[in-house]
Amino acid sequence: MQNSEFAKLFYEISELLELKNENPFKIRAYQKAARNVEDLSKNLTEIYKSDGLKGLEEIPGIGKNIAEHIEEIIKTGKLKKYESLKKEFPRGLIELTNIPGMGPKTAIKLRKELGIDSVKKLEAAAKAGKINNAANILRGIDLKKRSRGRYLIDDAASHAELIVNELKKIKGIKKILPCGSLRRGQETVGDLDILVVSENPGPVMDAFTRLPYVKNILAKGKTKSSVILKNGMQADLRVVPEKSFGAAAHYFTGCRAHNIHIRQLAQKKGWKVSEYGIFKGKKQIGGETEEDLFEKFGLQYIPPELREMRGEFEAAAKDQIPKLVELKDIKGDLHMHTKATDGANTIAEMAEAAKKLGYEYILITDHTKSTRVAHGLTGKEMLGHLGKIKSIKGIKVLAGVEVDILKDGSLDYPDEILKQFDLVVASIHSNFKMPKEQMTARVIRAFQNKYVNIFSHPTGRLINEREPYQIDLEEILKAAKKYNVAIEVNAHPKRLDLTDIWCKRAKELGVKVVVSTDAHSTDQLQLMKYGILTARRGWLEKKNVLNCLSHDKLLKSLHAK
DNA sequence: GCCGTTTTCGGCCCGACTGTTTTCAGTCG
Ligand SMILES: Nc1nc2c(ncn2[C@H]2C[C@H](O)[C@@H](COP(=O)(O)OP(=O)(O)OP(=O)(O)O)O2)c(=O)[nH]1
Ligand SMILES: [Mg+2]
Ligand SMILES: [Mg+2]
Ligand SMILES: [Zn+2]
């Protein structure tokens, strides 16, 4: 079983325990365990096999009980506790709690009083007038049906920008800052969380809830409002006074576990942290800015991308928060397509656009013949295509290729062709469904080719569309190190592949990383920023990212194989 | 259920909004 499946199971147990009206801290313990398992790069099954229960208990948030759960699942493929909970509370009951505003208490009450244990039955009862605030509930059901779950980061960012631009027009607003998972640069975003500084929140709330993009108002108060936008996305607004800006930005940026941790640190010092500041008794002693908030705790500033409860507090206490890579450090883009295959622009157009971004170089990487859907080229066609590269003033246009790794790990072009490119990017575009060991061996065989320099979109996942193929990334990273292959962080919001966690692992293993857009048009060259966010979430520094190097040093580093 | 450099038992973040609650529970951020 995959870690993600263990995590899902523990989340589900926590929901079932809520319905059972269990101790809220027990519920949180399961959520915490799920979260920590999700964040692990090592497989739980492997940990158990090598270090047993003791190994499992070393994972934060996993103690004797949950370790035994994991053991039971590995040994029997089932968990009795979960099976019996599931019998007690049908799936439909959990679905009821997914309706906004409806929690476990209400769901249980509905079942007890009206025999309702599914959204369908609730809808019918509401329409038949058997329920108190039927209108609200029907609205909630409707919202749930329309909501698309989690959004791609570029989608969230563009909607945040629309709202920010509208809010800017309001008088008396001193600051506007989108926070939450968007500010942390998470690969998907559940909702928009926008912070506003104003000493006069009333008019801000009025304006926010009347925005043209707003479809429903979920809540509207003095300091906080929530709305549903026309596209189904939720947007939350907090308004605080200037003196609370830092604490509020910190609170609203999260993550939740990170917030709880800093509040616990405050308790130990006899202080209190809330979104309004750091307090000693009634007196505010800090939190005007985020920098001040961390400083008051003797902590180095923690960038939003690292606020995930993944070791940032330990690092900050020791002054070991790395100087994270930035967009301005990027000197070139090493993955892009042109009209010759499935791109929209010519080589010259891509080069001009890249030059405008201030890049020193780009690598043209069109598809090879096996990727027929993308009109992949034969070796001869490819060399002809790249032969048309004219020197363009102010930017180096490198001749590259995104060569298919075939089913057996051989490449779509022979070495005589491959050796003619400046750099070779390799990736998987077919035969996704094969056992993990076979896929891993296939890719490692490709790494052994003398001319392969970069492995692109290593898991092939498409967020919200396609699961990653089965591949042992730990082995892939080790092989990448051995054969001097750089691993790509594909910056496209649908991919973001490698993920943040695996970026961190790559750094630990000393594997070189490149951040590339895989642009299929000049516009898409600007997606680089999302790849950078992912790299930053993976604790990567400028020195870990090869396309922060100048052209000469880049080629030298990759050609050493 | 987890955890511990004051604790192996007794804590576990803190606050906003809604509804009918006249002093709080439920839900959510
Ligand atoms: N102290 C504290 N802060 C919370 C809690 N829940 C949420 N927050 C803070 C941290 C979150 O990042 C921020 C926004 O809440 P969201 O529910 O929108 O979560 P977030 O944006 O992190 O993830 P999302 O992508 O929206 O699911 O509010 C909580 O229980 N306690
Ligand atoms: Mg959010
Ligand atoms: Mg939110
Ligand atoms: Zn590509």
Side-chain angles (χ1 to χ4, degrees), chain A residues 10-11 13-37 56-70 81 85 96-110 131-137 139-140 143 179-183 189-195 201 205 209 217-228 234-240 244 247-279 287 309 317:
Chain A
F10 295 145
Y11 280 126
I13 291 175
S14 84
E15 288 183 302
L16 291 163
L17 293 176
E18 277 190 308
L19 290 169
K20 210 177 161 68
N21 200 17
E22 259 286 5
N23 174 357
F25 300 106
K26 189 193 275 196
I27 294 163
R28 238 180 62 197
Y30 274 96
Q31 289 167 354
K32 207 170 168 182
R35 188 45 222 268
N36 290 341
V37 165
L56 293 174
E57 282 180 54
E58 270 167 34
I59 302 164
I62 294 186
K64 193 168 174 297
N65 281 281
I66 296 185
E68 282 171 4
H69 290 350
I70 296 168
K81 184 190 172 94
L85 278 169
L96 285 184
T97 69
N98 293 335
I99 297 168
M102 180 153 326
K105 297 280 184 339
T106 319
I108 290 295
K109 202 171 154 214
L110 282 171
I131 293 183
N132 279 342
N133 51 353
N136 254 344
I137 286 184
R139 193 191 64 177
L143 288 178
C179 296
S181 49
L182 177 62
R183 183 164 179 238
V189 173
D191 69 356
L192 304 179
D193 303 289
I194 297 172
L195 177 65
M205 292 304 174
T209 50
I217 301 170
L218 293 178
K220 183 179 175 211
K222 284 198 191 67
T223 73
K224 173 178 164 175
S225 295
S226 290
V227 301
I228 300 288
Q234 180 171 329
D236 298 331
L237 181 76
R238 284 301 299 254
V239 182
V240 297
S244 296
H250 182 264
Y251 150 73
F252 218 21
T253 298
C255 71
R256 180 173 183 259
H258 174 101
N259 287 356
I260 290 174
H261 186 79
I262 206 149
R263 287 165 187 220
Q264 284 169 333
L265 291 180
Q267 286 180 319
K268 284 185 195 140
K269 288 182 181 285
W271 301 343
K272 181 186 72 173
V273 165
S274 73
E275 59 266 50
Y276 297 107
I278 309 175
F279 297 89
M309 254 349 241

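Below, chain A is the first sequence line, B the second, and so on; all start at residue 1.
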Chemist: Provide the distance between the two C1' atoms, one in B:dC3 and one in B:dT7, to the nearest whole Å.
Modeler: 10 Å
Chemist: What nucleic acid atoms does A:Ile262 come within less than 4.0 Å of, heavy atoms only: base, sugar-phosphate, or nothing?
Modeler: nothing
Chemist: Can you name the atoms? Protein N/O to nucleotides 6-8 of chain B N/O, anything below 3.5 Å, with the distance.
Modeler:
none

Chemist: Work out how far the C1' atom of B:dC14 is from that of B:dC9, and round it to whole angstrom.
Modeler: 24 Å
Chemist: Please state how far atom CD1 in A:Ile27 lies from atom P in B:dC2, giving the value in whole angstrom units.
Modeler: 14 Å
Chemist: For the pair made of CD in A:Gln31 and C1' in B:dC13, what is the distance, rounded to whole Å?
Modeler: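 For the pair A:Gln31 CD and B:dC13 C1', the rounded distance is 14 Å.
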Chemist: If you look at every strand shown and take non-hydrogen atoms under 4.0 Å, does A:Lys32 touch a base, only sugar-phosphate, or nothing?
Modeler: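 Counting heavy atoms under 4.0 Å across all strands, no contact is made by A:Lys32.
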Chemist: Check the phosphate of B:dG11 against A:Gln264, side-chain N and O only, distance under 4.0 Å to OP1 or OP2. Yes or no?
Modeler: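 Negative; the distance criterion is not met.
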Chemist: Indicate for each nucleotide in nucleotides 14-24 of chain B, in 5' to 3' sequence, whether protein heavy atoms under 4.0 Å reach the base (B), only the sugar-phosphate (S), or nothing (-).
Modeler: BBSSSS-----
Chemist: Regarding A:Asn259, tell me which of base, sugar-phosphate or nothing describes its non-hydrogen contacts under 4.0 Å with the strands shown.
Modeler: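 Answer is nothing: A:Asn259 stays at 4.0 Å or more from every strand.
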Chemist: Which base, if any, makes a Watson-Crick or G-U wobble pair with B:dG15, both distances under 3.5 Å?
Modeler: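 Its partner is B:dC28.
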Chemist: Within this structure, what is the CG-to-P distance between A:Leu17 and B:dC2, rounded to whole angstrom?
Modeler: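 The answer, rounded to whole Å, is 12 Å.
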Chemist: Between B:dA25 and B:dT20, how far apart are the C1' atoms? Round to whole Å, please.
Modeler: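 Those two atoms are separated by 12 Å.
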Chemist: Could you give the CG-to-C1' distance, from A:Asn21 to B:dG26, as a whole number of Å?
Modeler: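 The answer, rounded to whole Å, is 11 Å.
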Chemist: Could you check whether A:Glu68 gets within reach of a base, just the sugar-phosphate, or nothing at all, counting any heavy atom under 4.0 Å?
Modeler: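 Result for A:Glu68 = nothing.
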Chemist: In this structure, how many angstroms lie between the P atom of B:dG26 and the NZ atom of A:Lys109, rounded?
Modeler: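 My rounded result for the distance is 9 Å.
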Chemist: How long is the gap from CE on A:Met102 to NZ on A:Lys109, to the nearest 0.5 Å?
Modeler: 10.5 Å
Chemist: Between B:dT23 and B:dG11, how far apart are the C1' atoms? Round to whole Å, please.
Modeler: 26 Å
Chemist: Looking at every strand, decide which applies to A:Thr106 at a 4.0 Å heavy-atom threshold: base, sugar-phosphate, or nothing.
Modeler: sugar-phosphate
Chemist: By salt bridge (charged side-chain N to carboxylate O under 4.0 Å, His left out), which residues pair with A:Glu68, not counting sequence neighbours?
Modeler: A:Lys64
Chemist: Round to the nearest Å and state the distance from A:Lys26 atom NZ to B:dC2 atom C1'.
Modeler: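 Taking atom C1' of B:dC2 as the reference, NZ of A:Lys26 is at 12 Å.
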Chemist: Does a nitrogen or oxygen in the side chain of A:Asn65 sit under 4.0 Å from OP1 or OP2 of B:dC2?
Modeler: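 Checking A:Asn65 against B:dC2: at least one side-chain N or O falls below 4.0 Å of OP1 or OP2.
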Chemist: Just to be sure I understand the rule, does A:Asn23 reach a base, reach only the sugar-phosphate, or reach nothing, if contact means heavy atoms closer than 4.0 Å?
Modeler: base
Chemist: Not counting sequence neighbours, which residues clear salt bridge (charged side-chain N to carboxylate O under 4.0 Å, His left out) with A:Lys220? List them please.
Modeler: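 Partners of A:Lys220 by the salt bridge (charged side-chain N to carboxylate O under 4.0 Å, His left out) criterion, ordered by chain and then number, come out as A:Asp206.
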Chemist: Rounded off to whole Å, could you give me the CD1-to-P distance for the A:Ile278 and B:dC13 pair?
Modeler: 18 Å
Chemist: When we call it a touch if two heavy atoms are under 4.0 Å apart, what does A:Ile66 touch: a base, just sugar-phosphate, or nothing?
Modeler: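 Answer is sugar-phosphate: A:Ile66 comes under 4.0 Å of backbone atoms only.
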Chemist: Nearest-Å distance, CZ (A:Phe25) to C1' (B:dC9)?
Modeler: 15 Å
Chemist: With sequence neighbours excluded, tell me which residues meet salt bridge (charged side-chain N to carboxylate O under 4.0 Å, His left out) with A:Glu22.
Modeler: A:Lys26
Chemist: Considering only atom P, compute the distance from B:dG10 to B:dT21 and round it to an integer number of Å.
Modeler: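 Looking at atom P only, B:dG10 and B:dT21 are 37 Å apart.
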Chemist: Looking for any heavy atom pair under 4.0 Å, which part of the strands does A:Pro104 touch: base, sugar-phosphate only, or nothing?
Modeler: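 Counting heavy atoms under 4.0 Å across all strands, the contact made by A:Pro104 is with sugar-phosphate only.
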Chemist: Only pairs at least two apart or in different chains count here, so list each side-chain hydrogen bond (donor to acceptor under 3.5 Å, both in side chains) that has a residue in residues 250-260 of chain A.
Modeler: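 Listed once each, the pairs are A:Arg183-A:Thr253, A:His250-A:His258, A:His258-A:Glu312.
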